[in-house]
Amino acid sequence: MITAKNIHKYYDDLHVLNNVNLAIEKSEIISIVGASGAGKTTLLQILGTLDFAAKNKNSSLKINDIEVYHLNKNELAAFRNKHIGFIFQFHQLLPEFTALENICIPAYINKTEKSVAEKRAVELLSFLGLEHRKNHKPSELSGGEQQRVAVARALINNPEIILADEPSGNLDSESAENLHQLFFKLREEFGQTFVIVTHNKDLANMADRKLTMVDGSIV
Ligand SMILES: Nc1ncnc2c1ncn2[C@@H]1O[C@H](COP(=O)(O)OP(=O)(O)OP(=O)(O)O)[C@@H](O)[C@H]1O
Ligand SMILES: [Mg+2]
């Protein structure tokens with residue numbers, strides 16, 4: 001599902017990613033742990049094509065058998081929107097829009113008809129136990145509810161891959177636990193592949209595979 005080879009990344013003198021190689025199967029749940037500054041977010045952003053590895057003739061990133069570095073900018077943006085869902089530490093919902101509207105945005109970018117997008121959004125909201133909050137804005141929702149809305153937004157286009165960076169970092173332990181259970185429920189229900197960067201030991205250990213990063217390498 002995701003194959004990364006010889007991934008390097010530099011910020012000036014800093015060798016942030018040092019020869020990362022990774023193969024992730026469909027429907028696997030992978031956790032990535034490691035000290036602050038180890039390069040976890042950088043790697044996740046590169047896997048999600050939001051950032052790019054250093055140009056290197058040996059490096060390759062294949063997602064769904066597509067060599068993403070061969071896509072042009074517009075093709076890549078469309079590919080990302082369709083195949084990859086992102087969940088961030090801070091939900092990054094748009095404050096002016098309701099839960100329902102926030103969830104629908106990636107679908108609109110994907111040119112999905114409004115009625116179709118809204119129907120799917122409502123299904124997701126009810127799956128997440130949030131249907132009754134659909135017309136509320138993020139500021140009117142609890143942290144755990146906001147994060148579940150962000151999960152629904154990540155799922156609206158039925159991406160095969162979900163990338164999450166500290167998804168429960170800002171939740172109390174009960175909401176965090178619920179969110180973690182939800183990831184496994186989603187995998188069971190929809191078969192998605194998850195790559196989750198986390199400092200949460202429970203979540204890291206629940207994963208099928210736990211990868212540890214040290215100084216830009218997977219050890
Ligand atoms: N845009 C940037 N410019 C320069 N250095 C950067 C940039 N982004 C990240 N870094 C550096 O790259 C290293 C890896 O950062 P990264 O955000 O990937 O770490 P992380 O493992 O996600 O850490 P944390 O657990 O604190 O989120 C750090 O030393 C960081 O300071
Ligand atoms: Mg980080």
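Whatever order the structure lists ligands and atoms in, that order sets their numbers, starting from 1.
- For atom 30 (C) of ligand 1, the nearest protein heavy atom lies 4.0 Å away or farther.
- Heavy atoms of V16 found under 4.0 angstrom from ligand 1 belong exclusively to the side chain.
- Taking every heavy atom of A35 and a limit of under 4.0 angstrom, the matching atoms of ligand 1 come to 21 (O).
- Both V151 and I29 belong to a single network of hydrophobic side chains, linked directly or stepwise wherever heavy atoms of I, L, V, M, F, W or Y lie under 4.5 Å apart.
- Counting only heavy atoms from C-beta outward, the side chains of M213 and I218 approach each other to under 4.5 Å.
- In this structure, the protein non-hydrogen atom closest to atom 23 (O) of ligand 1 is G37 N, 2.8 Å.
- Hydrophobic clustering keeps I87 apart from I30 (ILVMFWY residues linked when any side-chain heavy atoms are closer than 4.5 Å, directly or through intermediates).
- Within the 4.0 Å heavy-atom cutoff, G216 does not count among the residues contacting ligand 1.
- By the 4.0 Å N-to-carboxylate-O rule, K26 lies too far from E160 to be salt-bridged with it.
- Considering backbone and side-chain N/O of L14, none are found under 3.5 Å from N/O of ligand 1.
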For V33 and H199: C-alpha separation, side-chain torsions, deciding distance, then whether side chain to side chain contact (heavy atoms under 4.5 Å, CB included) applies.
CA-CA 6 Å; V33 302; H199 287 288; over 6 Å; no
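- In terms of protein heavy-atom proximity, atom 16 (P) of ligand 1 is closest to T42 OG1, 3.5 Å.
- Linking Ile, Leu, Val, Met, Phe, Trp and Tyr residues whenever their side-chain heavy atoms come within less than 4.5 Å leaves F86 and F183 in two separate clusters.
- With a 4.0 Å heavy-atom cut-off, ligand 1 is reached by no atom of V197.
- Two different hydrophobic clusters hold I32 and I196 under the rule that ILVMFWY side chains link at heavy-atom gaps under 4.5 Å.
- Counting heavy atoms under 4.0 Å from ligand 1, residue H199 touches it through the side chain alone.
- Between H15 and Y10, the angle of the ring planes stays under 30°, which puts this pair in the parallel group of the 30/60° scheme.
- There is no path of hydrophobic side-chain contacts, each under 4.5 Å, that joins M206 to V197.
- Given atom 7 (C) of ligand 1, the protein heavy atom at minimum distance is Y11 CE1, 3.2 Å.
- The tally of protein N/O/S atoms under 2.8 Å from the Mg ion (ligand 2) stands at 1.
- Taking every heavy atom of both residues into account, N21 and N6 meet most closely at OD1-N, 2.9 Å.
- Ranking protein heavy atoms by distance to atom 26 (O) of ligand 1, first place goes to S36 OG, 2.6 Å.
- Per-residue contacts place T41 under 4.0 angstrom from the following atoms of ligand 1 (heavy atoms of the residue considered): 17 (O), 18 (O), 20 (P), 22 (O), 27 (O).
- At a threshold of 4.0 Å, the pair K185-E189 does not count as salt-bridged, since none of the basic side-chain nitrogens sits closer than that to a carboxylate oxygen.
- For the residue pair D202/H180, the side-chain donor-acceptor check at 3.5 Å is not satisfied.
- Summarising the contacts of atom 24 (P) of ligand 1 with Q45, K40, H15, the nearest heavy atom is found in K40.
- Residue contact annotation: G34 has no non-hydrogen atom under 4.0 Å from ligand 1.
- Neither side chain, N178 nor R148, offers a donor N or O lying under 3.5 Å from an acceptor on the other.
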